[in-house]
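Note that this is a predicted model, so its numbers are computed, not measured. Order of listing sets the numbers, starting from 1, for every ligand and every atom in it.
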Amino acid sequence: MIIIRNGTLVLPEGLVRGDIALEGGHIARIASCIAPAEGDEVHDAAGCWVMPGFIDGHTHLQCWTGMDWTADSFETGTRAAACGGTTTIVDYATADRGVTMPDALAEWHRRADGTCTANYAFHMAISEWGEGSLEQMDEVCSGGVRSFKTYLAYDHLRLDDAQTLEVLEAVRDRGGVLCVHCENGTLVNELQRRVISQGIVGPEGHPLSRPAAVEAEAISRLLYLAHLAGDAPVNVVHLSTELGLRAIREAKARGRQNIHVETCPQYLVLDDERYLEEGDDGFAGAKYVMSPPLRKPSDRRALRQAVLAGEIETIATDHCSFNLHGQKDRGRPEAGGDFTKIPNGGPGIEHRPAVIATTFEGELGPCDLVRLMSENPARVFSMWPRKGRLAEGADADVVVWDPAARWTISAATQQQAVDYTPYEGFEAHGRAHLVFVNGRLVARDGEPTGERPGAYVAR
Ligand SMILES: [Zn+2]
């Protein structure tokens, strides 16, 4: 048995001083004092918060994105996640056109099984819809998938509105949730063309080609489609703009139900000045080429308010890492490229808990951090009550968080297998001191122990 003693337990009912015992992959006991027996492994958590492990509901690991393979594999990505306190990820398995959903699920298992430090579940991203799709959906549901994704942008992935409506109905009928990438792809294509024709080819062109209205229009359209589908459950992923937030508020004010909202640390901490960052011969802005792009300070403030007000339920990363050198630099103008050739995405799987705990220090307490990064993702993605809470019988995914730790985020010391971090130099307040996955110690103070107990989470 593993006994974690003297910590402040972050329980669903609030903060309690006490001990917690892990055995056989589950939480065996929670009590004010658990006396160790001979052979028990004891960890002292004095001064620390003992929390359910964090869940990252939006990752892209070991994945071809249409432009390149991501830098992080399941092995490196889940190891980095665990070192930061994330014990479960939900990754987007993607059925590219011509690939069935069951084949995509099997392929994602081939990539992940046996290599993961953190637990993993899969969403199924769908890029075409037609004959046989319902049967395929049933088959992956019996394989433990309960959440699906569609895109309203990217020509090789997106569905049209009629197809999106049918997917919403199908997901609703199966008790799942549809995650949707909300950007109007037709407008993005046209605006990219216009920006480039003005001679703006560097990374600073990226946000110009994807303005807030492109996101807000797609969110608004999605929420009308979800209404037409009988208030089918939707998860608006990576919300980045105040305008998009307003579209969500308006839908809710019309009485619309079943709208879940996710944002990511980058939209709460960074803004679009980053596209003008000096360095790398004027190409440093490529680090922040992700979709949606970083936004204005006013957007950042609005999203932060929405997090505090509970309008945004979950904070995930959209971790999709590409090296600046050797991958993103394909879009260098002097190499004949432009910003549309820069692979879209950035890293974050390792640093989300520390970035959020630090940037909201004094505004979000330990119970709030658990709600946004563990409990709510577990609920939205059908892992509750097995995950997302400390309770006897729940899975032994536990993070012992030291709020007094001080450290600096840097690519030089990160576990993520990528050559930069958007949070370089960020002074973090708080750190995952001990991280347990399925009752095994996988990380200590940001360093992996080498254990890889991560298992597939069938939902
Ligand atoms: Zn994504």
Side-chain angles (χ1 to χ4, degrees), residues 55-74 77-78 80-81 86 88-96 104 108 111-112 120-127 145 147-159 164 167 177-185 188 206-207 210 214-215 218-219 222 234-241 244 260-268 270 287-295 303 312-322 327-328 342-352 373 377 380-381 416 418 422:
I55 297 170
D56 188 344
H58 190 151
T59 70
H60 304 273
L61 297 175
Q62 205 165 337
C63 171
W64 175 262
T65 61
M67 297 175 105
D68 210 336
W69 283 88
T70 56
D72 274 296
S73 63
F74 277 95
T78 62
T86 294
T88 301
I89 64 162
V90 193
D91 194 81
Y92 282 101
T94 303
D96 287 314
W108 256 255
R111 294 175 189 178
Y120 54 100
F122 297 125
H123 310 285
M124 178 57 59
I126 302 169
S127 62
V145 172
S147 44
F148 293 82
K149 183 182 195 183
T150 56
Y151 290 80
L152 296 172
Y154 298 118
D155 290 344
H156 67 292
L157 291 170
R158 63 178 157 143
L159 302 186
T164 304
V167 175
V177 60
L178 185 66
C179 304
V180 183
H181 178 113
C182 292
E183 287 186 298
N184 182 319
V188 169
H206 177 69
R210 312 177 96 101
V214 164
E215 176 177 83
I219 290 174
L222 168 70
V234 289
N235 184 36
V236 176
V237 299
H238 49 52
L239 176 69
S240 67
T241 59
H260 303 292
V261 185
E262 165 198 292
T263 192
C264 309
Q266 56 269 32
Y267 305 116
L268 298 166
L270 308 175
K287 292 188 276 190
Y288 313 98
V289 170
M290 53 185 73
S291 293
L294 300 179
R295 302 298 189 177
L303 294 182
I312 291 174
E313 282 171 284
T314 64
I315 300 174
T317 62
D318 197 11
H319 177 95
C320 187
S321 58
F322 297 100
Q327 294 192 292
K328 285 192 175 261
I342 302 170
N344 275 213
I349 202 167
E350 182 174 351
H351 299 133
R352 173 188 61 143
M373 293 192 286
V380 173
F381 298 124
Q416 297 171 152
V418 59

Pair Ser240-Arg295, side chain to side chain donor-acceptor pair (under 3.5 Å): steps then yes or no: CA-CA 7 Å; Ser240 67; Arg295 302 298 189 177; 2.9 Å; yes
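- Looking at heavy atoms from C-beta onward, Trp108 lies out of side-chain contact with Tyr92 at the 4.5 angstrom threshold.
- Around the Zn ion (ligand 1), the protein contributes the following N, O or S atoms under 2.8 Å, ordered by chain and number: His58 NE2, His60 NE2, Asp318 OD1.
- If you take OH on Tyr151 and NE2 on His156, they are separated by 7.5 Å, rounding to the nearest 0.5 Å.
- Annotation: the span from Gln62 atom CD to Asp91 atom CG amounts to 9.0 Å, rounded to 0.5 Å.
- To the nearest 0.5 angstrom, Phe381 atom CZ is 4.5 Å from Asn235 atom CG.
- For the side chain to side chain donor-acceptor pair (under 3.5 Å) with His238, the lone residue among Gln266, His181, Glu262, Glu183 that qualifies is His181.
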